[in-house]
Amino acid sequence: MKIATWNVNSLRARADRVEDWLRRSDVDVLAIQETKCKDENFPWELFENNDYEVAHFGVNQWNGVAIASRVGLDDVQRTFPGQPEFGKGGKNPIQEPRAIAATCGGVRIWSLYVPNGRALDDEHMGYKLNWLDILKQDAHGWLQENPDTQIALMGDWNIAPKDEDVWDIDFFVENQMTHVSAPERAAFSAFEELGFSDVVRPHTEGQYTYWDYTQLRFPKNEGMRIDFALTSPALTARVTGASIDREERKGKGASDHTPVIVELAD
DNA sequence: ATGGTGGCGTAGCCA
């Protein structure tokens, strides 16, 4: 079985590329982030025509997460318990469409779009850290409930856990950039302390998953590793390989993120 | 190549 995660940066703008990629990648499950649409604008046919079931969570033009699967799609869950709300300036707070789960082929798949943070002193950063803390507490409970459960926390984590995960750590620190700060990294490693593992890194040393559209970042390979699949111990034991599809970042009309793929033993 | 982002929705926000 092959499972993958991909921030597509608008599913409508990327429909043709997503369809092409589904066909050639041959993944069984795809966790999607940033669909950037409501259900009424979601390209359901794209998945149906390729024999994938799909579940979507989107309420406006922002965020939006989905899971496509051809190995079953059961117990769909939108938001995690206690997921913090956000509204800019405290106005009209909602539980944003940043988390959806489904059980696919015996694996509890989460498609996660972690809040960006925007700036170290922005209210969005507090939201980001709180959001991750509540998710961590939930994940802890799931593992305690059943230590053998197979969970994949997949998505755009908007955190670069190691210095090598950005093209120039000095640039990030000097400019007080987000994604590399100590609190963000602590929020990420908290999942590893629970027993979740970044199973992609050992197979993709030195590779990035994201390159900003600006400043010729991709041609210069000035990227970041911010998309991850964190697996529970029982699922980690099944991992046979992983890859980052850098080819998908090339050409006109690419997302700024690449697909990240995990291969599992049957 | 005298450039230097893209998407939504149609101004400005978000990343």
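Heavy atoms only: backbone and side chains are in, while hydrogens, waters and symmetry mates are out. In what follows, every chain begins at residue 1, and chains take the letters A, B, ... in the order their sequences are listed.
Computed from coordinates, the A/Glu123 CD to B/dC13 P distance equals 14 Å when rounded to whole Å. Atom NZ in A/Lys88 sits about 6 Å away from atom P in B/dC13, given to the nearest Å. In this structure, A/Tyr213 atom OH and B/dG6 atom P are separated by 8 Å, rounded to whole Å. Distance, A/Met177 CE to B/dA15 P: 14 Å, rounded to whole Å. B/dG6 atom C1' lies 12 Å from atom CG of A/Asn7, rounded to whole Å. One atom, CG of A/Asp212, and another, P of B/dA15, lie 13 Å apart when rounded to the nearest Å. B/dG12 atom P lies 18 Å from atom NZ of A/Lys36, rounded to whole Å. Here B/dG3 presents its C1' atom at 9 Å from CG of A/Leu216, a figure rounded to the nearest Å.
Taking the centre of each ring, A/Phe191 and A/Trp157 come in below the 6.0 Å mark. Remark: aromatic rings of A/Tyr213 and A/Phe218 are distant, center separation not under 6.0 Å. Ring centroids of A/Phe47 and A/Phe42 are separated by less than 6.0 Å, placing the two rings close together.
Nearest nucleotide to the A/Gln215 side chain, out of B/dC13, B/dT5, B/dC8: B/dT5. The side chain of A/Thr214 sits closest to B/dT5 out of B/dG7, B/dA15, B/dT5. Listed nucleotides: B/dG12, B/dG9, B/dA15. Nearest to the side chain of A/Arg98: B/dA15. Among B/dA15, B/dG9, B/dT5, the nucleotide with an atom closest to any side-chain atom of A/Arg12 is B/dG9. The nucleotide whose nearest atom lies closest to any side-chain atom of A/Trp62 is, among B/dG7, B/dT5, B/dA15, B/dG7.
For the C1' atom pair drawn from B/dA11 and B/dG7, the interatomic distance equals 14 Å after rounding to whole Å. For B/dC8 and B/dG4, the C1' atoms lie 22 Å apart once the distance is rounded to whole Å. The gap from the C1' atom of B/dG9 to that of B/dC14 amounts to 13 Å, rounded to the nearest Å.
In this model, the phosphate group of B/dC8 is approached by a side-chain N or O of A/Ser10 to a distance below 4.0 Å at OP1 or OP2.
Residue-level contact check: A/Arg249 touches neither bases nor backbone, having no heavy atom under 4.0 Å from any strand. As judged by a 4.0 angstrom heavy-atom cut-off over every strand, A/Tyr210 is placed among residues making no nucleic acid contact. Using a 4.0 Å heavy-atom cutoff across all strands shown, A/Arg217 reaches no nucleic acid atom at all.
A side-chain contact (heavy atoms from CB on, under 4.5 Å) with A/Pro161 is found for exactly one of A/Glu192, A/Arg201, A/Glu184, namely A/Arg201.
Taking the six-membered ring where the residue is Trp, A/Phe80 and A/Trp110 present perpendicular rings, their angle passing 60° and hence far from 30°. In this structure, A/Trp167 and A/Phe172 have perpendicular ring planes: the angle between them is above 60°, well past the 30° mark.
Ranked by how close their nearest DNA chain B nucleotide is to the 5' end, A/Arg118 and A/Ala254 are led by A/Ala254. Residue-to-nucleotide proximity on DNA chain B shows that, of A/Gly253 and A/Asn116, the 5′-proximal contact is made by A/Gly253.
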